[in-house]
Amino acid sequence: MKKLRIYLFALMLALVAASCGTSRVVPVTGRTQSLMVSDEEILSLSSQEYTKYMQSAKKSTNAANTAMVQRVGQRLAAAVETYLKEKGYQSELSQYQWEFNLVQDQNVNAFCMPGGKIVVYEGLLPVTQDEPSLAIVLGHEIAHAVAKHSAEQMSKQIKQQYGTQILGGVMQAAGVSDGVTGMAQSIIQSGFKFRNLKYSRDHETEADHMGLIFAAMAGYDPHVAVTFWQRMAAASGGGNDNDIFSDHPSDSKRIAAIQKDLPEALTYYKPVTTTPTTSATKKTTGTKKSGTTTTKKSSATTTKKSGTGFTLTPVKK
């Protein structure tokens, strides 16, 4: 009974430690999050990691595809900033220094660093196939930055570390042997690791939700998200719906959640009409010929980044 009281007291102290930090409401979803790291700390770390990565990465030499990634990214960023201003998040806009890079890597992936540094791998473009599907990916990555998922996950790790240390200190003060204390801390740490997989899956689902809406705000049809993720499922092999040991939701759960979110996303969707580009009029013998340009679809072809970045990864089956 005495050991049980000690354990409950330690658990209470851990919960008190976990409640520390500042609270923030995530845009779009309205979820309240608790953060224990400052924007300055996370942005400084992010900038260092991003600079290191870009020094070793090779930027794509495909000018058309690079321009497409930057064009779609900037269009999304403009729509997101307008939304954040309207919803009272104007003070946070200075955190974002948007940058969209296409790099030479055949992995089917993309990643985002806090502060709006987003990298797309060439290997993703054959799966996106078109600009609206690329907008779904970039909207997802922008959502990770806007929702401050990196800061939130780092905060959870700090809280968990506090909880483990508090438990160890209380057990030692109560005369519990070092061996038993170490075992208890190890068990708790294993439980945290397993629980963190769910945190990560929840963040991926939230980024899908927010990204879908961001794409719609920028004038991209959110319906394409379903077929895009079906292609991603095919690229990963598909088949297994068990994601309990994964940091990403299964493909089928992801697609089902997106289909559920579509009605909300469509309320933000206003198609953007574009005027076809025409070549200069050429004068001939008394008549005028107007030429039209045709656009050639270029095939191109995202990666996994650990640390403070977030990835878009097909679930390995």
Side-chain angles (χ1 to χ4, degrees), residues 10-54 77 80-81 84 87-99 110-119 140-169 185 188-211 214 247-248 304-313:
L11 181 61
M12 180 188 70
L13 290 177
L15 290 173
V16 170
S19 66
C20 298
T22 60
S23 293
R24 173 183 181 265
V25 176
V26 179
V28 179
T29 65
R31 179 177 64 87
T32 300
Q33 59 186 174
S34 178
L35 304 176
M36 296 188 70
V37 291
S38 68
D39 293 330
E40 291 75 20
E41 289 171 325
I42 199 74
L43 291 173
S44 175
L45 178 60
S46 169
S47 178
Q48 292 172 30
E49 292 298 315
Y50 179 73
T51 299
K52 279 187 203 174
Y53 172 80
M54 290 307 300
V80 169
E81 289 200 356
L84 292 177
K87 297 301 179 180
Y89 290 88
Q90 186 158 357
S91 62
E92 296 187 3
L93 294 182
S94 60
Q95 300 170 17
Y96 304 116
Q97 302 296 322
W98 302 106
E99 194 171 320
F111 72 82
C112 169
M113 302 295 283
K117 308 298 186 184
I118 294 171
V119 173
H140 172 100
E141 298 303 338
I142 287 173
H144 278 309
V146 172
K148 299 189 179 183
H149 285 158
S150 289
E152 188 173 13
Q153 290 205 3
M154 190 177 291
S155 298
K156 288 184 186 298
Q157 291 169 3
I158 292 171
K159 293 172 188 176
Q160 290 165 359
Q161 186 177 13
Y162 283 169
T164 303
Q165 290 173 346
I166 289 170
L167 175 63
Q185 288 178 313
I188 287 178
Q189 287 171 347
S190 296
F192 283 150
K193 286 180 182 178
F194 182 72
R195 190 179 178 190
N196 286 343
L197 292 174
K198 184 180 185 305
Y199 288 149
S200 183
R201 292 196 300 272
D202 289 346
H203 282 171
E204 289 298 314
T205 300
E206 184 171 60
D208 283 345
H209 178 187
M210 294 172 65
F214 290 161
D247 58 358
H248 282 61
K304 193 168 184 177
K305 175 68 179 161
S306 61
T308 56
F310 274 84
T311 64
L312 180 79
T313 308

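Worth knowing before you read on, the calculation uses all heavy atoms, side chains too, and leaves out hydrogens, waters and symmetry mates.
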[Y] and [X], any side-chain heavy atoms less than 4.5 Å apart:
X: Phe214; Y: Val28; value: yes
X: Gln97; Y: Leu43; value: no
X: Thr29; Y: His209; value: yes
X: Tyr53; Y: Met113; value: no

Qualifying residues under salt bridge (Lys or Arg N to Asp or Glu O under 4.0 Å), relative to [X], sequence neighbours excluded:
X: Glu41; answer: none
X: Glu152; answer: Arg31
X: Lys52; answer: Glu49

If I take atom [atom1] from residue [X] and atom [atom2] from residue [Y], how far apart are they, to the nearest 0.5 angstrom?
X: Gln33; Y: Gln153; atom1: CD; atom2: CD; result: 11.0 Å
X: Tyr96; Y: Ile142; atom1: OH; atom2: CD1; result: 10.0 Å
X: Gln95; Y: Glu40; atom1: CD; atom2: CD; result: 8.0 Å
X: Lys148; Y: Met154; atom1: NZ; atom2: CE; result: 13.5 Å

Using side-chain hydrogen bond (donor to acceptor under 3.5 Å, both in side chains) as the criterion, list what pairs up with [X], not counting sequence neighbours.
X: Gln90; value: none
X: Glu99; value: Tyr50, Asn101, Lys117
X: Ser47; value: none
X: Ser44; value: Gln48

If you compare all heavy atoms of [X] against all heavy atoms of [Y], which two are closest, and at what distance to 0.1 Å?
X: Val146; Y: Pro27; answer: CG1-CG, 3.8 Å
X: Pro114; Y: Ile42; answer: CG-CG1, 4.1 Å
X: Ser155; Y: Val37; answer: OG-N, 3.6 Å
X: Ala147; Y: Val26; answer: CB-CG1, 3.8 Å
X: Gly115; Y: Ala145; answer: N-CB, 4.5 Å

Under the rule for side chain to side chain contact (heavy atoms under 4.5 Å, CB included), what residues qualify as partners of Ala207, not counting sequence neighbours?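 Residues passing side chain to side chain contact (heavy atoms under 4.5 Å, CB included) with Ala207: His140, Ala143, His144, His149.
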
Contacts of Ser91 that satisfy side chain to side chain contact (heavy atoms under 4.5 Å, CB included) - sequence neighbours left out: none

Could I get the full list of ring-ring contact (aromatic ring centres under 6.0 Å, His included) partners for Tyr89, not counting sequence neighbours? none

